[in-house]
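Read the structure below first, then the notes.
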Amino acid sequence: MRVAGQEYLTIRLEGTSVFMIDQNLLPFSFSVKECKTWEDTCLSIRNMTVRGAGAIGAAAGFAMAQAFMESEDPGMAIERIKATRPTARDLFFAVEKVFYAGQISVQAAVDEAQKLAAANVAAAKNIGKFGEPLIKEGSRILTHCNAGWLGFVDYGSALAPIYMAHRGGKQLFVYADETRPRSQGARLTAWELSNEDIDHSIVPDNAGAYLMSKGMIDMVIVGADRIAANGDTANKIGTFEKAIVAKQFGIPFFVAAPLSTFDPAAETGEKIEIEERSADEVNYQTGPDSEGRIHTIRVSNPGSAAFNPAFDVTPAEFISGIITEKGIIKPDVQMIASLFR
Ligand code: MRU
């Protein structure tokens, strides 16, 4: 990823430490956090220092490798890592692979974690390549949450085709949903787009129907946290609403995700566990004052309860296509099964 003209990875394992861009501080300050132990890395997944399905997959693989390097009980460590965040399939995919590699040797676990992180970058690049032709000159694209560089080790999923189209010289415009309550769109997607010099506007989460009804959106591209065997797709809360509205107005709605996000064991979206996060994320917001000092303030009625489901499931019938590293497929059981043959 490009930050002020310099290339970075969202997350990497070097020696026994995991280094990650601190996404809780963006876009107000840029810093790289070092997690010296597997438990530090787990905490960073849970508190969303690192977030986004692809990036937490890499983080979980690295945490498992750290646990082996620290001679921690691997059976206990894998359960603790899996318990950090339940929805993103990539986390389970990576931690299990590293766990099995670690049965051979500690070095095999480290090599596997590094291999998975490299595969994450390669898959995202190919998603960009396959998705780029979908973006026509002058396209106005709506995206939800952040499925860009920061959601992966690099490149991203939903934003990868956009970056490639822009770098290839296509004119385009991105509407970034602010994505309450954690504002990944307003904070992270907007920051990424700024770094790439891509024209964009942040829009309130409830503006989708207005924009689409006024003919202001040509296509929607979102990422995914887990895709069931029939194509039902879990993604950031609010994605389903965008898909319903897109269908109403005949606007193509694409999901972009690598094969590591598919969960063949989940027959339908009903089987996907939806993470529920703290009510504090709804009741409080954090940001800088005019002097740059960060404050957390209450933005809701004191004493009211808040419910905070982090994801929803968009049924396959609302999805025009899934952009993967192997090509674009229709979201149906046979097509999805064929990806794994
Ligand atoms: O809770 P998050 O920020 O980890 O959720 C991430 C998302 O839901 C993204 O929208 C994305 O599509 C999946 S990760 C690239």
Side-chain angles (χ1 to χ4, degrees), residues 1 10-11 20-24 26 44-60 84-94 117 120-121 123-125 127-128 131 141-163 174 176-192 205 220-227 233-243 253-263 269 272-278 281-282 308-314 319 322-325:
M1 86 182 56
T10 300
I11 182 163
M20 57 182 72
I21 293 174
D22 191 332
Q23 301 195 37
N24 281 330
L26 286 175
S44 295
I45 298 171
R46 192 190 298 279
N47 72 18
M48 294 176 69
T49 303
V50 61
R51 40 64 48 207
I56 63 176
T84 54
R85 294 196 70 191
T87 304
R89 169 67 192 149
D90 286 74
L91 186 152
F92 295 81
F93 174 85
N120 181 291
V121 177
K125 238 184 200 172
I127 287 171
I141 305 157
L142 180 72
T143 189
H144 190 69
C145 195
N146 171 266
W149 305 321
L150 293 163
F152 274 72
V153 178
D154 206 352
Y155 292 98
S157 51
L159 296 187
I162 294 173
Y163 293 140
V174 179
D177 281 338
E178 60 176 341
T179 321
R180 284 273 289 145
R182 290 191 65 104
S183 303
Q184 290 95 327
R187 294 173 65 136
L188 306 177
T189 300
W191 181 78
E192 285 192 16
D205 287 326
V220 183
I221 315 182
V222 297
D225 287 84
R226 192 181 287 248
I227 302 175
T233 295
N235 194 50
K236 183 51 57 189
I237 190 78
T239 302
F240 184 22
E241 283 181 14
K242 306 302 160 201
F253 182 95
F254 286 95
V255 168
L259 267 53
S260 51
T261 304
F262 287 77
D263 182 0
I272 298 175
E273 184 180 343
I274 300 297
E275 178 183 8
E276 191 185 322
R277 294 187 60 86
S278 164
E281 293 184 349
V282 177
N308 186 15
F311 303 96
D312 59 23
V313 175
T314 300
I319 299 169
I322 306 178
I323 311 165
T324 76
E325 68 270 42

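Values reported hereafter were calculated over all heavy atoms of this structure, with side chains retained and with hydrogens, waters and symmetry mates removed. All ligand and atom numbering here is 1-based and tracks the order in the structure. A quick note: this is a predicted structure, and the numbers were derived from the prediction, not measured. For the single chain, residues carry numbers from 1 onward in sequence order.
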Check your understanding: With a 4.5 Å heavy-atom cut-off, do Leu91 and Ile45 have their side chains touching?
Key ->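 A side-chain contact under 4.5 Å exists here.
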Check your understanding: Out of Lys236, Arg51, Arg277, whose heavy atom sits nearest atom 1 (O) of ligand 1?
Key ->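 Minimum heavy-atom distance to atom 1 (O) of ligand 1 goes to Lys236.
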Check your understanding: Just going by heavy-atom distances, which of Asp225, Asn146, Ile237 is nearest to atom 13 (C) of ligand 1?
Key ->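 The option holding the nearest heavy atom is Asp225.
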Check your understanding: So does Arg180 pair up with Asp205, basic N to acidic O under 4.0 Å?
Key ->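 No, Arg180 and Asp205 are not salt-bridged.
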Review point. Is the shortest side-chain N to carboxylate O distance from Glu275 to Arg277 below 4.0 Å?
Key: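 So Glu275 pairs with Arg277 through a salt bridge.
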Exercise for review: Using non-hydrogen atoms of the residue, decide whether Met48 is closer than 4.0 angstrom to ligand 1.
Suggested key: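 A heavy atom of Met48 does come that close to ligand 1.
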Practice item. Determine, using heavy atoms of Ala310 and all atoms of ligand 1, whether some pair is separated by less than 4.0 Å. Key: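 It does not; every heavy atom stays at 4.0 Å or beyond.
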Check your understanding: By number and element, which atoms of ligand 1 are closer than 4.0 Å to a non-hydrogen atom of Ala224?
Key ->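 Numbered from 1, ligand 1 contributes 12 (O), 13 (C).
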Review point. Relative to the heavy atoms of Gly223, which atoms of ligand 1 are at a distance of less than 4.0 Å?
Key: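 That gives atoms 12 (O) of ligand 1.
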Review point. Using heavy atoms and a threshold below 4.0 Å, how should the contact between Arg85 and ligand 1 be classified: side chain, backbone, both, or neither?
Key: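 Looking at Arg85 and ligand 1, just side chain atoms fall under 4.0 Å.
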Review point. Which bit of Ala55 is near ligand 1, meaning a heavy atom under 4.0 Å away: side chain, backbone, both or neither?
Key: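 Looking at Ala55 and ligand 1, no heavy atom falls under 4.0 Å.
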**Study point:** N or O contact, Ala147 vs ligand 1, cut-off under 3.5 Å
**Key:**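 The answer is no, given that Ala147 and ligand 1 share no N or O pair closer than 3.5 Å.
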